[in-house]
Amino acid sequence: MKKTCIALLFSLISLTAFSQIKVIHFNAGWNEANDVKWFNKLSDANKKTLSIDDKEIQEKYEIFIVPTIIVFDEGEEVKRFQADLSFKMVATKEDVQEYIDELIISKF
């Protein structure tokens, strides 16, 4: 019984941490060839993809180069991963996932 309660407690804490982390992938229609194919394979975060073809989105998030991935914690931007000048993502899936994992661990 005691082990079950502890497991339940840790599950609730990790669920709370997970729900506070949001990751958004920004790209543009003209740059679809350089989409970040591994983005949907990220875990432990709410994920969303947005196009900067909508100028309001581009301005709101201050996107100047695509693709860009932004990590939010409790609604605040905490990390930005951007493409190089050839419009290809520099960061790897492992780089982004490691950052998300560290963010979750720091909440305990």
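Computed from a predicted model, the values in this text were never measured in an experiment.
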Is there a path from [X] to [Y] through hydrophobic residues (I, L, V, M, F, W, Y) whose side chains come within less than 4.5 Å of each other?
X	Y	answer
Ile52	Leu85	yes
Phe72	Ile63	yes
Tyr99	Leu42	yes

Mind checking the [atom1]-[atom2] spacing from [X] to [Y]? Nearest 0.5 Å is all I need.
X	Y	atom1	atom2	result
Ser43	Ile104	OG	CD1	7.5 Å
Glu62	Ile70	CD	CD1	8.5 Å
Thr68	Gln58	OG1	CD	10.0 Å
Ile57	Tyr61	CD1	OH	7.0 Å

- If you look at every heavy atom in Met89 and Val36, which pair is closest and at what distance?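 Heavy atoms only, the tightest pair is CB-CG2, 3.9 Å.
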For [X], which residues count as a side chain to side chain contact (heavy atoms under 4.5 Å, CB included) partner, sequence neighbours excluded?
X	result
Glu94	Thr92
Lys60	none
Val90	Asp84
Ala83	Ile65, Pro67

- Other than Phe64, which residues form its hydrophobic cluster under the rule that side-chain heavy atoms must be closer than 4.5 Å?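 Phe64 shares its hydrophobic cluster with no other residue.
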- Task: Please confirm whether Lys41 makes a cation-pi placement over Phe39, using NZ or CZ under 6.0 Å from the six-membered ring centre and within 45° of the ring normal.
- Result: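 The answer is no, since Lys41 fails at least one limit relative to Phe39.
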- Under 3.5 Å, is there a donor-acceptor pair linking the side chains of Asp101 and Gln97?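 Yes, side-chain donor-acceptor contact under 3.5 Å.
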- Result of checking Lys107, Lys22, Lys79 against Asp73 for side-chain hydrogen bond (donor to acceptor under 3.5 Å, both in side chains):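 Going through the options one by one, the only one that passes is Lys107.
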- Flag the pair Ile21 / Asp44 as yes when at least one side-chain heavy-atom distance between them is below 4.5 Å, and no otherwise.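 No. Closest side-chain heavy atoms not under 4.5 Å.
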- Item | Under the side-chain hydrogen bond (donor to acceptor under 3.5 Å, both in side chains) test, residues paired with Thr49 that sit two or more places apart |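 Thr49 satisfies side-chain hydrogen bond (donor to acceptor under 3.5 Å, both in side chains) with no other residue.
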- Task: With sequence neighbours left out, write down each residue that passes side-chain hydrogen bond (donor to acceptor under 3.5 Å, both in side chains) with Glu77, or none if nothing qualifies.
- Result: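 Counting only residues at least two positions away or on another chain, Glu77 forms a side-chain hydrogen bond (donor to acceptor under 3.5 Å, both in side chains) with Arg80.
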Using residues 23-32 as the side-chain source, report each donor-acceptor pair under 3.5 Å to any protein atom, sequence neighbours left out, with the distance given to one decimal.
| residue | atom | partner | partner atom | Å |
| --- | --- | --- | --- | --- |
| Asn27 | OD1 | Asn31 | ND2 | 3.0 |
| Asn27 | ND2 | Asn31 | O | 3.2 |
| Asn27 | ND2 | Asp35 | OD1 | 2.7 |
| Asn31 | OD1 | Asn34 | ND2 | 2.8 |
| Asn31 | ND2 | Val66 | O | 3.4 |
| Asn31 | ND2 | Phe87 | O | 3.4 |

- Message: According to salt bridge (Lys or Arg N to Asp or Glu O under 4.0 Å), who are the partners of Glu59, at least two apart in sequence or on a separate chain?
- Response: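 Per chain and number, Glu59 pairs via salt bridge (Lys or Arg N to Asp or Glu O under 4.0 Å) with no residue.
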